[in-house]
Chemist: 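Can you read through this structure? Questions will come right after.
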Amino acid sequence: MNGTRTLCLYETQWCIPLFLSLLLVCYVRNSGYAQESGNKMRWPRERISINEGWKFMRYKDEPDHLVYDERPTITNYRENQVADAKPTESNQSTAAATNILKNWILPSANDFIKDPTKHFKRPAGNPGSDFPFVQSNFNDESWETVDLPHDWAINGPFYKEANPEVGGGMGRLPVQGVAWYRKKLNIPSADAGKTIQLQIDGAMSYAMVWLNGNLVGGWPYGYNSFCLDLTPYIQPGGNNQLAIRLDNPNNSSRWYPGAGIYRNVWLIKTNSVHVAQWGTSVQLKRISNYSATLHLAVEIENKSNNAQKIEVRTDLYQQNNEAGTRGKKVIAIPSSTANIDAGSKNNFSFFFNFKNPLLWGPPPLQTPNLYVAVTTLYADGKAIDEYETTFGIRIVQFDPLNGLLVNGQRVRIQGVNQHHDLGALGAAFNLRAAERQLQMLAEMGCNAIRMAHNPPAPELLDLTDRMGFLVIDEIFDCWERGKTPLDFHLIFNDWHEADTRAFVRRDRNHPSIIAWSFGNEVGEQYTNDSGALIAKELHDIVKEEDSTRPATASMNYAKPNMPFPREMDILSLNYQGEGIRDAPAYAHLKGIRTSPLYPAFQKQFPNKLIVSSETASVLSSRGTFLFPVYNGISAPVSDSTGGNSIKQEVSAYELYTAAFGASPDKVFISLDEHPYVAGEFVWSGWDYLGEPTPYYTARSSYCGIIDLAGFKKDRFYLYQSRWIPDLPIAHILPHWTWPDRMGMITPVHVFSSASEAELFVNNKSQGRKRKTAYEYRFRWDSVVYEPGEVKVISYKNGKPWATSMMRTAGKPFALQMDADRTTIAADGKDLSFITVSVVDEKGTVVPVAANKITFQVSGPGDIVATDNGNPADMEPFHSKERNAFSGLALVIMRARPRTAGTITLTASADGLERAMITVKTRYVP
Ligand code: GAL
């Protein structure tokens, strides 16, 4: 980077201009999110988890008619079209019949609609008030009792038939339909006069909420958090009946959306004068080697009937990252006092300065330091609200020539895309499962996540803050033009402003977020000026909410000379950078075709940074290798190249891609040839439910670097060797147990950052190879298979680097188990992930083993789910039986709440020695 830009980190000028390749930012968040449950806020604000003890019912047949709106009829929809197919014309619902509740729900958006003249007015009346499920005396004993987060579809069973009701795109799971959740809230009389709000961090979808028979409001988009003010309907001094209706349409998503109230739900009790919803933000204004000057904005809402004189005081603390607790006090910010009129909101503004700021930055070279600002409101000298805002201080520069700079240091984006599901646990958010996903990605050297294509659970952003990931936070997969018949395009016109503002306001506070994305591969790329106009509108909404970060939308079609990319602060390219369908093996395919477009975008927009927001889309089934092996570096999957449509398997030589994709090797070439590109987000980090390209008969994706169960595919080591080049590894593929391939050509590839490597089969050298420029794997493509040992010895810069060896396995002999953690908290949430391997007599994993394994558990714990990472495995996830896939299976165990003991898991399979493992449970009060 050049000297001027380096100086920016330490200069003493106010407000550095945006998008002149520099962004200087600092972010805050409401640290109430920092814990999955529990009330971190001290009196008088309470943030109470109400996840436990809901009653749940999903209609098996014709549902009630309390609909949000009518929906169009679906004709001729083909769900397995390629992901880069052109989206369709918009498809709006028309009818205005009775029982359409939309007009009562729309006012819930008003806090997020800027122009007061556009606010929705609630019509008279109280629809649904006479419906039995919203009455407190309705007997719901026969309904299922569930705890949230809850995904009603994840236990299936999978639709396995030829023309399934829910197709492979949405995971062949019963996500569709209408369901109700009911819970009695005990509200003590002492709560009279308080403001009581319901915060739902995600309900899939079209949530409509009643309290004590009154329709309170709702929120259709299932991925956004929303708050409803229950106060007008609360009856303190007893039980209050909450009833929530969800209506999750089939054919509404290209991937598995989940179903139900699948994230945390909170009751937030405050004084009627309080910090408003997502009401704080901090921006860094000036920084030097010695001190930082920040601006804290606090929005305060007075819901009482009288004007109030309020004093606002904030103290600043270091945040203890590991424990998530407050550390040393840094400063007390001088307070400010003002009158707030009844029924209005006031913004308080504070500039403050403190010495020796610790910066937030991504490991391994930087540390994700966090601070917490504790804001207290006083009325008549008495504390009436306390609100925590955790923030990090960092400078992010988007330099069109040098890529991304964090705190003055160049950071290559080594990122992945992640969908929101947690594999066998479905969409139901679980902190430990999310943490495990991130830990494995970090182990690979991944430093960035694109939240594809919707806002994540807020707790996931707490994790990315703490762990130091860089995040692109994304909101939409479509705008007015739909990709599936009943997706967000149906409600785009009514909801896009509110959803976009709510998304930014909730998340603007996370230091890990470096950019906003307001769209992914939307159909408006194709519609020239009219599409660009919508892009501009969304862009401007994002910037009004947060001017400190760039706003973008990912483009797989829009070209440099089109109007669409002009609206973007940074250029977020999907697949176009490395070229789409441009290699020889793709010549016969129809669809978008482009040569590598990095240079053309750079020429047209020399002042905009380019990042590849989706690369690769390589497909593979872990541990499966098919022959012959393609002799080039990238080919689309077909039955003759890398695929087996009968077994629904794709070869893991990691050369085979989606129709528009490119192998990692091809992507690496394009990135190395165009070093100004900030880096890549691979599609995808983990496999996810749904979108099982190329086999829509399956249930889950093939494109993850890590499979759905959390087992590493071979590709893991290809990325690891590039992203952590100092790590001495040499990973051999394929496995070496091929009884049917005696004497046959069986290519061997090695993933390593070494510069040279020699391969041996039963100690016979197969030749020493040196990687040439733009080569990223070693390959010996004419090795003849014989059982025994295959070994690689690698060298870097002439010195020994890494050696590894693989042995032919014998027959399956025994089961073996390993837990990721052998002590877990008994809080009803913490999990132990147990890997089950089928091994031979010598303890070598049998890579082709597919034995059926049965699990039994004793002690204070339960099996939540099992899996094996095979996208085509249709055994329900909660089954206690699972076939091994490529030698492995997974068991996810949870401790029963408030226990202290030992859980014993036993695995058995016909003809094999069984295995046992114990996991201790740690009592949590
Ligand atoms: C992209 C799309 C992703 C996913 C991916 C599959 O075009 O943006 O959502 O569908 O293809 O390879």
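What you see is a predicted model; the values in this text were computed from it and never measured. Whatever order the structure lists them in is the order used to number ligands and atoms, beginning at 1.
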Chemist: Decide whether the shortest distance between a heavy atom of T693 and an atom of ligand 1 is less than 4.0 Å.
Modeler: no

Chemist: Under 3.5 Å between some N or O of ligand 1 and some N or O of N520?
Modeler: yes

Chemist: Once rounded to the nearest 0.5 Å, what's the spacing between atom CG of D529 and atom NZ of K536?
Modeler: 13.0 Å

Chemist: How are the rings of F476 and F492 set to each other: parallel, tilted or perpendicular (split at 30° and 60°)?
Modeler: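 Correct class here is perpendicular.
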
Chemist: Using a 4.0 Å cutoff against the non-hydrogen atoms of E521, which atoms of ligand 1 qualify?
Modeler: 1 (C), 2 (C), 7 (O), 8 (O)

Chemist: Please state whether W255 comes within less than 4.0 angstrom of ligand 1, counting heavy atoms only.
Modeler: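 Distance cut 4.0 Å: W255 fails for ligand 1.
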
Chemist: Would you tell me which option among W683, Y557, F660 has the nearest heavy-atom contact to atom 11 (O) of ligand 1?
Modeler: F660

Chemist: Considering only the protein, which heavy-atom contact is closest to atom 12 (O) of ligand 1, and what is its distance?
Modeler: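 Ranking protein heavy atoms by distance from atom 12 (O) of ligand 1, first comes S617 OG, 2.5 Å.
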
Chemist: Does Y630 have its ring centroid less than 6.0 Å away from the ring centroid of Y653?
Modeler: no

Chemist: List every atom of ligand 1 that sits less than 4.0 Å from any heavy atom of Y575, numbering the atoms from 1 in the order shown and giving each element.
Modeler: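 It comes down to these atoms of ligand 1: 1 (C), 5 (C), 7 (O), 11 (O), 12 (O).
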
Chemist: Under a 3.5 Å distance rule, please check whether R172 uses its side chain to pair with a backbone N or O of S700 as donor and acceptor.
Modeler: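 Checked: no pair found.
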
Chemist: When the ring planes of F518 and W479 are compared, do they come out parallel, tilted or perpendicular, using 30° and 60° as the limits?
Modeler: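 Ring orientation of F518 relative to W479: parallel.
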
Chemist: So, are R263 and E459 salt-bridged, with charged N and O less than 4.0 Å apart?
Modeler: no

Chemist: By number and element, which atoms of ligand 1 are closer than 4.0 Å to a non-hydrogen atom of H453?
Modeler: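 Those atoms are 3 (C), 8 (O), 9 (O).
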
Chemist: Provide, to 0.1 Å, the distance between atom 10 (O) of ligand 1 and the closest protein heavy atom, together with that atom's residue and name.
Modeler: E691 OE2, 2.4 Å

Chemist: What protein heavy atom is closest to atom 1 (C) of ligand 1, reported as residue, atom name and distance in Å?
Modeler: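 Minimum-distance protein heavy atom for atom 1 (C) of ligand 1 reads E614 OE1, 2.9 Å.
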
Chemist: Ring-plane angle category for Y776 and F668, please: parallel below 30°, perpendicular beyond 60°, tilted otherwise.
Modeler: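 Taking F668 first and then Y776, their aromatic rings stand perpendicular (interplane angle over 60°).
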
Chemist: Does the plane of the ring in Y676 sit parallel, tilted or perpendicular to the ring in Y598? Use 30° and 60° as the thresholds.
Modeler: perpendicular

Chemist: Consider every N or O of R254 and every N or O of ligand 1, then say whether any pair is closer than 3.5 Å.
Modeler: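 Yes, R254 has an N/O under 3.5 Å of an N/O on ligand 1.
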
